[in-house]
Amino acid sequence: MQKKKEIKILSNNNPIGIFDSGFGGLTVMSAINKVLPSENLIYFGDTAHVPYGTKSQNAILKFSKEIVSFLIKNRVKLIVVACNTASALALPVLEKSLKVPIIGVIAPGARAAIDASKNFRIGIIGTEGTIGSKSYPKAINKLAKAKIYQQACPLLVPLVEEGWIDEEITDRTVKKYIKPLLAKKIDTLVLGCTHYPLLRKTLERNLDKNIILVDSAISTALEVKRILDKKSLLASKNGKKYLKFYVSDNPEKFKKIGRRFFSKNITTIKKIDLVG
Ligand code: DGL
């Protein structure tokens, strides 16, 4: 593989590329938009292949490579893998060969968990793919010695997408998933899936009051700011700002469901056919 070399021709007003399997990464885009209001942002939601959480590493890697090529063609200056599953299963391969900086949500989430925890007993909830990869325990244990307890919660993504945030069935499902973690006396719970910030209230209702919820969106946005600042690539304040949205299928559904995940109205969405 060719040795990676930083691209120097990118300018400050080139966009940041953000991708996810579908809608969930919009929670990360929202945070980036708040922390870095002058940045141009391009979002790609792989709605033709969602969910990633139940798919194999090979499949996720293939989809992620295609999306990254699309973003590079759009001259992004940095890429954010705004999906926990793709951060766990594709990022370690992608970051070896790319010429632009690429970050995921797991390392910033792990850092935030360590900063939040006092007893170093940390719970992680996520998709089957993220939990099976053990990416969070590995990332956390690189920073500090902690006891990590994981729980895959495959039913939560469909419940959130259905909009059943305050339904009894969601409360009961959450309760059942987190029961084994509560028994381990965790003081911090990492929301290791982009959909779970929408369940914050449901989780808080069912957790002990002293448990801190960690959502990696804000820490990821701060990490983006730190990298761009270090490379002198932050957008100029008076540049023209845009937010662009692309999907691989069903733009109308994306517009409807996306509203729950993104703080602003999503107006123009373009469907793109990615070729392998
Ligand atoms: N975005 C995914 C994640 O954060 C959740 C949805 C999916 O399974 O594709 O892991």
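Just follow the structure's listing: the first ligand is 1, and inside any ligand the first atom is 1.
Under a 4.0 Å criterion applied to the non-hydrogen atoms of P51, ligand 1 contributes the atoms 7 (C), 8 (O), 9 (O). Heavy-atom proximity to G53, at under 4.0 Å, picks out these atoms of ligand 1: 7 (C), 8 (O), 9 (O). Near Y52, meaning under 4.0 Å from one of its heavy atoms, ligand 1 places the atoms 7 (C), 8 (O), 9 (O). Counting atoms of ligand 1 from 1 in the listed order, those under 4.0 Å from a heavy atom of D20 are 1 (N).
Comparing heavy-atom distances from atom 4 (O) of ligand 1 across T54, N84, V28 singles out N84 as nearest. By heavy-atom distance, the residue among A88, C83, G104 lying nearest atom 2 (C) of ligand 1 is C83.
No hydrogens or angles considered: nothing links the side chains of D187 and N210 as a donor-acceptor pair under 3.5 Å. Using modelled atom types, one finds no donor on one side chain facing an acceptor on the other under 3.5 Å when comparing S30 with N33.
Of the heavy atoms in T85, both backbone and side-chain atoms come closer than 4.0 Å to ligand 1.
Judged purely by atom type and a 3.5 angstrom limit, T27 uses its side chain to pair as donor or acceptor with the backbone of T194.
A salt bridge links E39 with K77: the closest approach of a Lys/Arg side-chain nitrogen to an acidic carboxylate oxygen falls below 4.0 angstrom.
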Return all side-chain donor-acceptor pairs below 3.5 angstrom for residues 129-139, not counting sequence neighbours, or 'none' if the list is empty.
from, atom 1, to, atom 2, distance (Å)
T130, OG1, T85, N, 3.3
T130, OG1, T85, OG1, 3.3
T130, OG1, T127, OG1, 3.2
S133, OG, T130, O, 2.7
S133, OG, S135, N, 3.1
S133, OG, S135, OG, 2.7
Y136, OH, N84, OD1, 2.6
K138, NZ, S133, O, 3.1

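Between F254 and F245, the angle of the ring planes lies from 30° to 60°, which puts this pair in the tilted group.
Distances shorter than 4.0 angstrom occur between a heavy atom of S21 and an atom of ligand 1. Note on ligand 1: C193 sits in its first shell, one or more heavy atoms being nearer than 4.0 Å.
Heavy-atom contacts from other residues, nucleotides or ligands closer than 6.0 Å to CZ of R172 number 12 or fewer.
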